[in-house]
Number of protein chains: 2
Amino acid sequence: MRVSIKDIAKVAGVSHSTVSRALSGSPLVNAETKSRIQSLAREMGYSPDAQARSLVMGRTLTLGVVVTRLTDPFIAEIVQAIEDTAHEYGYSVVLASSSAESEREIAAVEMLHSKRVDGVIVTSSRVGALYQQYLDRLGVPVVLINSHREEQGPYTFSITVDNRHGGYLATRHLLDLGHDCVAYVTGPANHSDDLERMKGYCQALTEVGIEFQPELVVPGTGRVEGGEIAFSRLMDLKHPPTGVFCYNDMTAIGLLRAARVSGLSIPEELSIVGFDDIPFASYVNPPLTTIAQPISQMGWQAVKMVLALIGESSEETRWVSNVIVQGRLIVRGSSGARGDKKILSGGISS
Amino acid sequence: MRVSIKDIAKVAGVSHSTVSRALSGSPLVNAETKSRIQSLAREMGYSPDAQARSLVMGRTLTLGVVVTRLTDPFIAEIVQAIEDTAHEYGYSVVLASSSAESEREIAAVEMLHSKRVDGVIVTSSRVGALYQQYLDRLGVPVVLINSHREEQGPYTFSITVDNRHGGYLATRHLLDLGHDCVAYVTGPANHSDDLERMKGYCQALTEVGIEFQPELVVPGTGRVEGGEIAFSRLMDLKHPPTGVFCYNDMTAIGLLRAARVSGLSIPEELSIVGFDDIPFASYVNPPLTTIAQPISQMGWQAVKMVLALIGESSEETRWVSNVIVQGRLIVRGSSGARGDKKILSGGISS
DNA sequence: TTGTAGGCGTTATCAC
DNA sequence: GTGATAACGCCTACAA
């Protein structure tokens, strides 16, 4: 049924090693027989068995990618960038999603281990000590994107956005617009990104001499619904904020939506800033002011790092180190000066 | 370095076949030695080599997934559903994105072939005769999701949304609202989904006795920018439409955005209907009326079909056949009765 | 330039 | 119960 080099060898009247050599373009084989074998292979519909090959070669030309959920546009964009870059270097991608459940996350790593991937990229995960052990056991390079880890691993490097700085930029932007009561809506509980962003929030407050108020920090989930709930919590306060910095864009969109439902106009009555700059950030109404992460660059760079660690890329392994990238503030329509009461249902604000 | 069953055998003082049996839980091995070997394997950090295993077993427990681009939220959601379902059945997923370039698409299939995946799922592609040949050569079941194919393949089945019916529903909705001048913004050129949706559009027009007008069909790209361009084209017409059915939600969002920029209010002055019901459809302002595809069900079903064809699932192979799923109309705020002039910057419309 | 033989890590089929 | 032994499909010394 399936044609192997032996089958070709039989038809060509040579040994399977000659076929192997001919197909790998080895110079130590008669030019004529070589081309004869090659066209024969094509005719017979030969396809090399990658498994058998990697079994002897010791590498699979495959990268494992572990994500929480692909429906997060931020993650989808990273994976796309990873796949593109991997393809460019002749690598393919095995995908595993974990739904942020540590059990599935470990199962994913175990699976990738069995598949003998040459490297692993993990996105947006919280890497606990237990998890780190599994990563170490892999014995292949691991690059963490925007993932917090509790322990250092020998083979593990990371690419992270500077969350503290991003949180600072966002909050400072609101403060500079004249808002003196600025809230923060958190992400999923105990996420280190979240804590860092909040640190930046605090830093900005301190810098302008505004006291931190615990009630102005309300929990979100990192999803739209979380933002909606946070909105009503904030509006129920004795002194509702006039500016809100949100853990991410999804949360901010939740606030936007809840505000619209409740008839509150943005940014006239409430300024909102998100984080991530997902593709949709500019399509919502009003377009979202946010902190942009260089998303596809991070995916691209993760692959380059893994390949460098494998020794595949021309880059030297010793050049590899943890990377912190800076986000940048993108000002759009969801934030405005305090007390800046524009005409309702205003015109162009893009 | 890496520990194999032979290494375990050496330490345990048994043969490698006994180790193999013990680890696969075979009953024909002494209960005591079995557990001894099992704990030994754990201590030594043994991980079975999936490649070696599938080499002899003849199956890889791996599914190949070919997509155009993951940044399309519709596709991301499908892939998520595929991964979830595959995982549930003990299968893993190799991902390949093609950017809709037929060259990369074929390269992807070639790669999946070499990797000896047990089945392939292709999403949102146009499967030409050439491509179909490659799929056939795979010798494994292929399920096409929302993909048009020119030729039948022996192993190839498909899951498609009823595009004609969806287009009909959308257009009929607009007509029922009193719009008598309804436009259609197309998707990427020569896409069969697009043609089918337009057929539904035409059918609805015919049904209510409105003549089809070619100038009311303007080209889009399936992306936001395409919708924006289409908007100005439509508004430049002598008789601009009061209702627009768009190839997909991204296009509709482009129109929404362009309308906002130009100060046109939705749905008072223009009703817009999309297609897909991507997650963001309900978050834009106004929320988008659209045709919902049962996205994750399609992903889920694709995996079930592949597994049934492999003979993995309990379902019988002969039960498998092409599936056409029906979309359904989701009425939200972007469409309204003609001449229904609500107060600008209106209240709740969700 | 080509063929032979061994091995990659498994599972499976035999004997013992 | 357990241990040789032969596959699976490929690559690569080593020999010829």
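Residue numbers begin at 1 in each chain, while the letters A, B, ... track the order of the sequences. What you see is a predicted model; the values in this text were computed from it and never measured.
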Looking for any heavy atom pair under 4.0 Å, which part of the strands does A:Val56 touch: base, sugar-phosphate only, or nothing?
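Contact class for A:Val56: base.
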
Which part of the nucleic acid does B:Ser47 contact within heavy-atom distance under 4.0 Å: base, sugar-phosphate only, or nothing?
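The residue B:Ser47 makes sugar-phosphate contact but no base contact.
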
Distance in angstrom units between [X] [atom1] and [N] [atom2], rounded:
X: B:Leu55; N: C:dA12; atom1: CG; atom2: C1'; answer: 14 Å
X: A:Lys115; N: C:dG9; atom1: NZ; atom2: C1'; answer: 15 Å
X: A:Arg21; N: D:dC14; atom1: CZ; atom2: C1'; answer: 11 Å
X: B:Leu23; N: D:dG1; atom1: CG; atom2: C1'; answer: 16 Å
X: B:Lys6; N: C:dG6; atom1: NZ; atom2: C1'; answer: 11 Å
X: B:His16; N: D:dA6; atom1: NE2; atom2: P; answer: 12 Å
X: B:Leu28; N: C:dC14; atom1: CG; atom2: P; answer: 15 Å
X: B:Arg36; N: D:dG1; atom1: CZ; atom2: C1'; answer: 13 Å

Hey, is the main chain of [Y] close enough, under 3.5 Å, to the side chain of [X] for a donor-acceptor pair?
X: B:Asp118; Y: B:Leu61; answer: yes
X: B:Glu150; Y: B:Ala129; answer: yes
X: A:Lys34; Y: A:Ser26; answer: yes

Any side-chain N or O of [X] below 4.0 angstrom from OP1/OP2 of [N]?
X: B:Ser20; N: C:dT10; value: no
X: A:Ser4; N: D:dG9; value: no
X: A:Thr33; N: C:dT2; value: yes

Could you please name the option among C:dG9, C:dT2, D:dG9 that lies closest to any side-chain atom of A:Asp49?
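Nucleotide nearest to A:Asp49's side chain: D:dG9.
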
Among D:dG9, C:dT10, C:dT1, the one nearest A:Asn30 by side-chain distance
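Nearest nucleotide to the side chain: C:dT1.
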
Closest contact, heavy atoms only, A:Lys115 versus B:Ser92:
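Looking at all heavy atoms of both residues, the closest pair is NZ-OG, 2.9 Å.
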
Please report the closest heavy-atom contact between B:Ser147 and B:Thr160, naming both atoms and the distance.
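Closest approach of B:Ser147 to B:Thr160, heavy atoms only: N-CG2, 4.2 Å.
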
With axes from five pairs an end, tell me the bend angle of the helix from C:dT1-D:dA16 to C:dC16-D:dG1, nearest 10°.
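That helix gives 50° between its end axes.
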
Is there, by distance only and without an angle test, a donor paired with an acceptor across the side chain of A:Ser17 and the base of C:dA5 below 3.5 Å?
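For A:Ser17, whose side chain was compared with the base of C:dA5, there is no donor-acceptor pair (under 3.5 Å).
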
Ignoring hydrogens and angles, does a donor from either the side chain of B:Arg116 or the base of D:dG9 sit under 3.5 Å from an acceptor on the other?
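Not at all, since no donor on one side and acceptor on the other fall under 3.5 Å apart.
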
How long is the span from the OG atom in B:Ser158 to the CD atom in B:Gln152, to the nearest 0.5 Å?
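One finds 7.5 Å between OG of B:Ser158 and CD of B:Gln152.
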
To the nearest 0.5 angstrom, please state how far the CZ atom of B:Arg53 sits from the CG atom of A:Leu55.
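So the CZ of B:Arg53 and the CG of A:Leu55 are separated by 13.0 Å.
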
Would B:Asp84 and A:Arg69 count as a salt bridge (Lys or Arg N to Asp or Glu O under 4.0 Å) if you check the C-alpha gap in whole Å, the side-chain angles of each, and the deciding distance to 0.1 Å?
CA-CA 10 Å; B:Asp84 284 339; A:Arg69 52 195 162 81; over 6 Å; no

Quick check: on DNA chain D, is the nucleotide nearest B:Met57 upstream (toward 5') of the one nearest B:Val14, or the reverse? Name the residue that is more 5'.
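Final value for this comparison: B:Val14.
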
